[in-house]
Amino acid sequence: VPVFPWHSLVPFLAPTQSD
Amino acid sequence: SPPSPVALPPFFMRGSIIQLADGELKRVEDLKTEDFIQSAEISNELKIDSSTVERIDTGQSPNAVVIQFSVGELKAQVCVEVLVEYPFFVFGQGWSSCCPDRTTQLFELSCAKLCVGDVCVSLTLRSLK
């Protein structure tokens, strides 16, 4: 059974932030 | 030619096994807002952003929509074109898509209707050290 990481379900909508 | 809308990946199928950042396994339909928040908190690379739906327009491809989000504290305006059945996770509500009937039909994933004003979970890369 494949296991998917939680972050694969969430879109990246913002550019990388420098904080 | 217009960019192809993002196709729906397999892990949105009901019953798919999702691993949280602490190693816990959950089914996709059982995920809660807290699961995303807590997973991001223990991640060195990822940060949760709140992305508010500002507009939903018809896409250029069949069965596609263009969703405009206002992302994060800076309210960056971001548009994505996705298929109408593509689910987003709305804070405090759960999976939501522009066509919940189609999402349920294709993926057996219960969905609410995604509406303008909904606040979706999204990710940002933290700056790499």
Side-chain angles (χ1 to χ4, degrees), chain A, chain B residues 6 9-13 15-29 31 35-40 42-43 45-53 67-80 82 86-89 95 109 120-129:
Chain A
V1 177
V3 176
F4 302 98
W6 68 277
H7 51 77
S8 55
L9 299 163
V10 188
F12 283 82
L13 291 179
T16 303
Q17 290 181 353
S18 53
D19 55 5
Chain B
V6 177
F11 37 74
F12 288 118
M13 184 70 75
S16 293
I17 306 297
I18 309 301
Q19 185 167 41
L20 305 183
D22 64 0
E24 184 184 356
L25 300 178
K26 282 198 165 190
R27 285 187 287 265
V28 63
E29 65 270 22
L31 291 172
D35 295 325
F36 292 103
I37 293 173
Q38 288 167 8
S39 285
I42 59 178
S43 166
E45 298 170 354
L46 303 174
K47 184 169 83 73
I48 288 277
D49 263 331
S50 298
S51 294
T52 304
V53 177
I67 305 174
Q68 181 180 337
F69 291 98
S70 173
V71 180
E73 295 175 11
L74 299 176
K75 301 192 185 303
Q77 299 297 302
V78 175
C79 282
V80 293
V82 295
Y86 197 99
F88 294 87
F89 200 92
W95 295 113
L109 184 69
C120 299
V121 175
S122 69
L123 287 174
T124 303
L125 277 179
R126 296 182 194 273
S127 60
L128 298 174
K129 300 288 188 293

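Chain letters run A, B, ... following the sequence lines, proteins first, then strands; residues in each count from 1. This structure is a prediction, so every number in the text was calculated from the model and none was measured.
Interatomic distance, A:Phe12 CZ to B:Asp49 CG, rounded to the nearest 0.5 Å: 10.5 Å. We find the CZ-CE distance between A:Phe4 and B:Met13 to be 10.0 Å, quoted to the nearest 0.5 Å. Note that CD of B:Glu24 and CG of B:Asp35 are 6.5 Å apart. Values are rounded to the nearest 0.5 Å. The distance from atom CD of B:Gln68 to atom CG of A:Leu13, rounded to the nearest 0.5 Å, is 12.0 Å.
With hydrogens and angles ignored, the 3.5 Å screen pairs a side-chain donor or acceptor of B:Trp95 with a backbone N or O of B:Val28.
Both the backbone and the side chain of A:Val3 have a heavy atom closer than 4.5 Å to some heavy atom of chain B. Heavy atoms of B:Leu46 lying under 4.5 Å from chain A belong exclusively to its side chain. With a 4.5 Å cut-off on non-hydrogen atoms, B:Phe11 touches chain A through its backbone and its side chain both. Contact annotation for B:Ser51: only side-chain heavy atoms (C-beta onward) come within less than 4.5 Å of a heavy atom of chain A. Residue contact with chain A, scored on non-hydrogen atoms closer than 4.5 Å, involves the backbone and the side chain of B:Phe36 alike. With a 4.5 Å cut-off on non-hydrogen atoms, B:Val80 touches chain A through its side chain but not through its backbone.
Counting heavy-atom pairs closer than 4.5 Å to chain A, the top residue among B:Ile48, B:Ile17, B:Val121, B:Leu31 is B:Ile17.
Residues satisfying the side chain to side chain donor-acceptor pair (under 3.5 Å) criterion with B:Lys75, sequence neighbours excluded, are absent altogether.
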